[in-house]
> 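Have a look at this one.
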Amino acid sequence: MIPNHSPWIKQLKRTRPVVPLDKDVSSDVVIVGGGIAGVTTAFFALRNTDKTVILVEATKIAHGATGHNAGQIASYFERPLSDLVEEFGAQLAIDGQRSVESAWILLDQIVSEAKLQTPLYRFTGYAGLSRFDQVLLHLKNSRYSVENRLIPESIILADHWDRIVDIPKEFKDLYSLAPQKDLLQLLETNNPDYIACLSYQKGCMNSALFSEELIGYLIATYTDRFSFYEGSPVTTIRLKDSKASLEVLAYVIEAERVVLCTNGFENFSILNEKGAEIDTKFHHSVSGRIGYMSGYVEPLNNPPVAISYFPETDRSSSDPTGESYFYLTRRPHEHDGKDSYNLVCTGGPEKVLPNGAEYSGNDSYSEDARNVIDEFLRSNYNKHPGETEYSFCWHGLMGYTPNGIRRIGPEPCNPVLLYNLGCNGVGILPSIFGGMRISRFLNNEHVEQSIFDPQDQSCKI
Ligand SMILES: Cc1cc2nc3c(=O)[nH]c(=O)nc-3n(C[C@H](O)[C@H](O)[C@H](O)COP(=O)(O)OP(=O)(O)OC[C@H]3O[C@@H](n4cnc5c(N)ncnc54)[C@H](O)[C@@H]3O)c2cc1C
């Protein structure tokens, strides 16, 4: 049996005891869930409003997806931009992309104001493409980006590739050509299937360590307006006309607004006493997918990087929102008390969580997933040592919304409830952007329409 062992949780070295809720309490705002979404929502709610805030977490801070991800900071959606344009129209789709990009600045702002020490690496990240349709899709996205003054990905094609002649002329200004060996060098692979290399700004950090450090800052800074409880699962949320009450252990929290930052909707019920029932379908519309990752430690001989690989043949695994791919990050890592190591993390294999099935972080890791990753690394990553022992194998739950977009904003059937949830595979920057956007709703500002707005058939806004 391989245990679920995440390098991010290991780095926490936390000593703070778990303090569960032990009495009835009240506040202006209650945030449910202490992953990066809940903690950054608390940060912006406290910083940008004068509200009192309580954060309740079922287990421990950052032990959900935030403690079990790839830790790659990326600003793409797991859907092509062209798809978003078709669904939402150009303006909203482009604004959505800009919003996620804007979270880079919000991240800097948090780090600098809270004086966080969590290492944050920034670099140019790469992605390798191996098929004509993949290249066309990215060229189409680039066209939208250029036309709407977004920075496009840089696209380099192998100059000997025989399909270059088939690329429509309208895309000619969007790519450059180079010898394939140069592309492969950027992609750190010897696999000649890759005929295109994309590059774009990326980064990496331990989002669990970031969240844990940030909560420490909030506790120390907002002594009179902030409290938080771990080991405190919310079982029922009762929504009334202009307030809510939450059942937690044997106690009740009363608040004017509730912000759900739970990744999905599982494990609690929402009773809307104000009127229209919150559609059960909508309520259960976040579906779970388990992502598997492996990591090994090597000497610190190479700089930090993030590379995605889109292989020629899709693995049989299921990615209804788009293409399946492998993603690799490498970053400095303290090991055996020394900081002269890198940690190389790879993910890709996923399993859909059947409807109604419960995910448990205590479940063992899948040996199949480790073999798939190992096989992938051997045939694609030229710095793979051949024989390697994985120091870490871990899995985490991703909550997918039906359209693959994070849900941020008030519930149309009762705005006492707000959401910042639905990780959709890439969730670090969207969570941070979501936290800032929620603070604007809490301040009763006029907030412009967006692709992140919760939609419900039964209660139109
Ligand atoms: C394998 C994997 C790889 C990923 N890779 C990346 C990546 O490279 N880059 C990226 O940007 N994103 C990535 N993600 C997604 C990213 O990790 C998430 O989007 C992000 O961490 C979401 O944070 P969150 O706070 O919304 O959710 P979580 O971190 O899951 O936090 C939700 C919290 O809510 C709590 N909770 C749930 N129910 C209740 C309740 N009833 N009462 C109280 N508390 C409750 C949970 O205990 C949990 O702590 C990955 C995710 C996985 C699983």
Side-chain angles (χ1 to χ4, degrees), residues 4 6 8-9 20-21 30-42 54-78 100 103 107 125 202-208 210-211 228-237 246-249 253 258-270 286 288-295 306 308 327-329 345-351 353 359 361 365 369 393-401 406-408 419-435:
N4 186 10
S6 149
W8 321 133
I9 299 288
L21 186 69
V30 59
I31 295 169
V32 185
I36 191 168
V39 177
T40 53
T41 300
I54 292 175
L55 191 152
V56 265
E57 163 54 47
T59 60
K60 290 182 189 165
I61 290 293
H63 277 55
T66 301
H68 294 88
N69 56 22
Q72 183 187 145
I73 309 174
S75 56
Y76 59 89
F77 289 92
E78 284 213 302
V100 176
L107 177 58
K202 283 191 181 170
C204 58
M205 72 169 182
N206 176 346
S207 60
F210 168 87
S211 303
F228 97 105
Y229 303 92
E230 294 175 293
S232 302
V234 173
T235 46
T236 304
I237 299 173
L246 286 74
E247 291 168 19
V248 185
L249 302 171
I253 305 178
V258 184
V259 191
L260 282 187
C261 299
T262 52
N263 198 355
F265 289 100
E266 310 307 314
N267 306 327
F268 53 87
S269 47
I270 303 174
V286 180
R289 237 185 284 170
I290 306 169
Y292 294 89
M293 311 252 349
S294 300
S308 300
Y327 41 95
L328 177 145
T329 60
C345 302
T346 312
E350 290 180 3
K351 200 165 90 188
L353 190 69
Y359 165 80
Y365 188 81
C393 287
W394 68 102
H395 56 76
L397 187 64
M398 313 188 194
Y400 275 81
T401 57
R406 194 170 183 87
R407 195 165 289 164
I408 306 166
Y419 306 110
N420 179 10
L421 54 74
C423 96
N424 296 307
V426 181
I428 294 177
L429 290 179
S431 293
I432 296 172
F433 165 72

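Because the structure is predicted, anything quoted here is derived from the model rather than measured. Order of listing sets the numbers, starting from 1, for every ligand and every atom in it.
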> May I ask you to check if ligand 1 and Asn263 share an N or O to N or O distance below 3.5 Å?
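There is such a contact, yes.
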> Could a heavy atom of Gly71 be found less than 4.0 Å from some atom of ligand 1?
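Gly71: in contact with ligand 1 (<4.0 Å).
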> From atom 15 (C) of ligand 1, work out which of Ala65, Gly422, Gly425 has a heavy atom at the shortest distance.
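Looking at heavy atoms only, Gly425 sits closest to atom 15 (C) of ligand 1.
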> Once you restrict to heavy atoms under 4.0 Å, what part of Arg406 touches ligand 1? Side chain, backbone, both or neither.
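The side chain, only.
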> What do you reckon, does Ile428 have a nitrogen or oxygen under 3.5 Å from a nitrogen or oxygen of ligand 1?
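For ligand 1, there is an N or O atom that lies under 3.5 Å from one belonging to Ile428.
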> Please state which protein non-hydrogen atom is closest to atom 21 (O) of ligand 1 and give its distance, to 0.1 Å?
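Result: Thr66 OG1, 3.0 Å.
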> Which residue holds the protein heavy atom closest to atom 5 (N) of ligand 1, what is that atom called, and what is the gap in Å?
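Here the closest protein heavy atom is Ala70 N, 3.1 Å.
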> Do the non-hydrogen side-chain atoms of Ile428 and Phe210 ever get within less than 4.5 Å of each other?
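No, too far: nothing below the 4.5 Å cut-off.
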> At the 4.0 Å heavy-atom cut-off, does Leu397 count as touching ligand 1?
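A heavy atom of Leu397 does come that close to ligand 1.
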> Report the C-alpha distance between Ser294 and Tyr365 in whole Å, list the side-chain angles of each, state the deciding distance to 0.1 Å, and finish with yes or no for side chain to side chain donor-acceptor pair (under 3.5 Å).
CA-CA 10 Å; Ser294 300; Tyr365 188 81; 3.1 Å; yes
> Tell me whether Pro233 reaches ligand 1 (any heavy atom closer than 4.0 angstrom to a ligand atom).
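Per 4.0 Å heavy-atom rule, Pro233 contacts ligand 1.
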> Check each heavy atom of Cys261 against ligand 1 and say whether those closer than 4.0 Å belong to the side chain, the backbone, both or neither.
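The backbone, only.
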> Can you list the steps and then say if Asn420 with Arg406 is a side chain to side chain donor-acceptor pair (under 3.5 Å)?
CA-CA 7 Å; Asn420 179 10; Arg406 194 170 183 87; 2.7 Å; yes
> Less than 4.0 angstrom from a charged side-chain N to a carboxylate O is my criterion; do Lys60 and Glu230 meet it?
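Answer for the salt bridge query: no.
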> Before signing off on this row, confirm whether Gly427 and ligand 1 have an N or O atom pair separated by under 3.5 Å.
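N/O-N/O distance under 3.5 Å: yes.
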> Determine whether any heavy atom of His68 lies closer than 4.0 Å to an atom of ligand 1.
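His68 counts as a contact of ligand 1 under the 4.0 Å cut-off.
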> May I ask you to identify, for Asn69, whether its side chain, its backbone, both or neither come under 4.0 Å of ligand 1 on a heavy-atom basis?
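Within the 4.0 Å criterion, Asn69 contacts ligand 1 through backbone and side-chain atoms alike.
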